[in-house]
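Working notes, beginning with the structure itself.
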Amino acid sequence: MCGTCCHEVPGDYVKRIPLYPDEADILIEIAKERDIEFKIIEDLVFPDIKNEKILVLTYRIRLDNENQGCPFYNEHNGCRVHENKPLACQAYPLALKRVDAFNFEISIDPLCNFVIQHYSELEKMDLGHLKEVFKEEYPKAENFYHKNKKLIFKIKKLEALKKILIPCQINLEEFNIYLQKWEREDISV
Ligand code: SF4
């Protein structure tokens, strides 16, 4: 309810609230029904140079210009899409940390108010205790992790079947041209 996780934070850190294409569709529908201005930005994408497409694995919520927060946040009632909020929000303050292009691990967001207040206790805890402290969030973080893994696996399988081709390395200039020209394809599981 504090809403810190639904807003930009001061400093260099960029707030990122990721959502999968199916979650994005649900929130777009809700926003339309309730006349809420809601926009998303592509987040994790891969260029498929075989089919000249940009494969979109995740989007992120574009924060409101005025208060730099999620448009679904309300200061009196908190999240207005509680039943439909993205897995990333359900799991918070547990988050997925990107290790490299294809690998993620579960981490704890150090910017969460609860984490800041209990940092010295949390840092000494083993995984078993952390699972108890975050007993509602941990299973959501696992779902989040598994969904991500399935998506990455799907990409790798399509590559192995030679249906797509993701370059191992790409220069930024080239990638920007692809981003401007190529069609999008959502990847879902
Ligand atoms: S969907 Fe709900 S919990 Fe998630 S950032 Fe928006 S207001 Fe916060």
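Atoms within each ligand, like the ligands themselves, are counted from 1 in listed order.
- Remark: the backbone N or O of Gly69 is paired with a side-chain donor or acceptor of Asn67 at under 3.5 angstrom.
- Ranking the protein heavy atoms by distance from atom 4 (Fe) of ligand 1 puts Cys89 SG, 2.3 Å first.
- Protein heavy atom closest to atom 8 (Fe) of ligand 1, with residue, atom name and distance, is Cys6 SG, 2.3 Å.
- Residue Glu123 qualifies as enclosed at atom CD: its count of foreign heavy atoms under 6.0 Å is above 12.
- In this structure, Lys85 NZ and Ile61 CD1 are separated by 11.0 Å, a value rounded to the nearest 0.5 Å.
- Metal site remark for atom 6 (Fe) of ligand 1: Cys70 contributes an N, O or S atom at a distance under 2.8 Å.
- The closest donor-acceptor contact from the side chain of Arg184 to the backbone of Ile54 lies at 3.5 Å or more, if one exists at all.
- By the criterion of a heavy-atom distance under 4.0 Å, the side chain of Val81, and not its backbone, is placed next to ligand 1.
- For the residue pair Asn148/Tyr20, the side-chain donor-acceptor check at 3.5 Å is satisfied.
- Residue Cys79: an N/O/S atom is found under 2.8 Å from atom 2 (Fe) of ligand 1.
- Taking every heavy atom of Tyr73 and a limit of under 4.0 angstrom, the matching atoms of ligand 1 come to 7 (S).
- Heavy-atom proximity to Ile17, at under 4.0 Å, picks out these atoms of ligand 1: 5 (S).
- The backbone N or O of Pro71 sits nowhere less than 3.5 Å from a side-chain atom of Arg62 that would complete a donor-acceptor pair.
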